[in-house]
2 protein chains.
Amino acid sequence: MIKIEIATALMQTLPVSKATALQVVDLLTDRMKKALLDGERIEIRGFGVFEPRPRKRGLGRNIKTGQSVEIPKGKSIRFKAGKDLRDIEVK
Amino acid sequence: MIKIEIATALMQTLPVSKATALQVVDLLTDRMKKALLDGERIEIRGFGVFEPRPRKRGLGRNIKTGQSVEIPKGKSIRFKAGKDLRDIEVK
DNA sequence: GCTTCCATGATCAAAATCGAAATCGCCACT
DNA sequence: AGTGGCGATTTCGATTTTGATCATGGAAGC
């Protein structure tokens, strides 16, 4: 599923143009992205939780030379699936 | 950031009522949830990728008794942040 | 439809996380 | 205001994540 498909699903349910639907998707992802970049946690009950967390490990590997490479400081975004998504049946 | 805040951000940008904005958020999360439950991967360039993956670890622990417990079959949802979210500066 | 730029895969090794369960507090959502 | 999802807690070890780099498939912009 890609952005266009999500927008399509949206316009199939609500009376909006595909262009508007795409704007909506972009807007929401953008807002969420900003919030996460701002260190804010996003919680959507029934869906999941996005949480920015500090990256602790500082060691990587250069595949070309095979030698260890220091990984600079940073954060990572963790997504924790909500109840509905955790109760997945193996089909 | 919670659902209402996302909806508010939406209605501040597009001419929609808060009720409609909430419907949009619910619709999108619902659609994405269904796609993930269906084993489909969701990729939004610039934001991130949701990917259902089989859970391989099959050993847990009962904190009450302290004994090992078999972890039943299942999947887990992994979210991989896109480029914009990976390049986070530690503030 | 074409172009552009992003995401994936592969590699390696170490450190960190996940997973189960039960219970309580808190807060998102109705 | 009421409900129930979610975090936190503990335990322990196997799975996984994490980065660099380069090539390729593909999402998204035009």
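Every chain is numbered from 1 and lettered A, B, ... according to where its sequence line falls, protein lines coming before strand lines. Note that these values count all heavy atoms, side chains included, but never hydrogens, waters or copies made by symmetry.
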Colleague: Looking only at side-chain N and O atoms, does A/Lys80 come under 4.0 Å of OP1 or OP2 in D/dG7?
Modeller: yes
Colleague: What is the distance, to the nearest angstrom, from the CG atom on A/Asp30 to the C1' atom on D/dA28?
Modeller: 16 Å
Colleague: To the nearest angstrom, how far is A/Ile4 atom CD1 from D/dG26 atom C1'?
Modeller: 12 Å
Colleague: Taking the nucleotide of DNA chain D with the nearest heavy atom to each, does A/Lys3 or A/Arg45 sit closer to the 5' end?
Modeller: A/Arg45
Colleague: In whole angstrom, give the distance that lies between atom CD1 of A/Ile42 and atom P of D/dG7.
Modeller: 14 Å
Colleague: Would you mind telling me which residue lines up with the more 5' stretch of DNA chain D, A/Ile2 or A/Glu51, judged by nearest nucleotide?
Modeller: A/Glu51
Colleague: Should the pair A/Lys34-A/Asp30 be classified as a salt bridge under the 4.0 Å nitrogen-to-oxygen rule?
Modeller: yes
Colleague: Say whether, by atom type as modelled, one donor and one acceptor occur between the side chain of B/Glu51 and the main chain of B/Arg78 under 3.5 angstrom.
Modeller: no
Colleague: When you check the phosphate oxygens OP1 and OP2 of C/dA16, does a side-chain N or O of A/Arg78 lie under 4.0 Å from one of them?
Modeller: no
Colleague: On the 0 to 90° scale, with breaks at 30° and 60°, tag the B/Phe47-B/Phe79 ring pair as parallel, tilted or perpendicular.
Modeller: tilted
Colleague: Please answer whether the main-chain N or O of A/Ile4 pairs with a side-chain N or O of A/Thr8 as donor and acceptor at a distance below 3.5 Å.
Modeller: yes
Colleague: Please state whether the phosphate of D/dT18, meaning OP1 or OP2, lies under 4.0 angstrom from any side-chain nitrogen or oxygen of A/Arg53.
Modeller: no
Colleague: Please give, in whole Å, the distance from D/dG4 C1' to A/Asp84 CG?
Modeller: 12 Å
Colleague: In whole Å, what is the span from the CG atom of A/Asp26 to the P atom of D/dA28?
Modeller: 9 Å
Colleague: Figure out the CD/P separation between A/Gln23 and D/dG29, and round it to whole Å.
Modeller: 12 Å
Colleague: Run through A/Ile77, A/Leu36, A/Val49 and flag the one making a side chain to side chain contact (heavy atoms under 4.5 Å, CB included) with A/Arg41.
Modeller: A/Val49
Colleague: Can you check the A/Leu85 CG to C/dC18 P distance for me, whole Å?
Modeller: 16 Å
Colleague: Indicate whether OP1 or OP2 belonging to D/dG5 is found under 4.0 Å from a side-chain N or O atom of A/Lys83.
Modeller: yes
Colleague: Calculate the interatomic distance between A/Phe79 atom CZ and D/dT16 atom C1'; express it in whole Å.
Modeller: 18 Å
Colleague: Hey, which of these two, A/Glu43 or B/Val49, hits DNA chain C nearer its 5' end, going by closest nucleotide?
Modeller: B/Val49
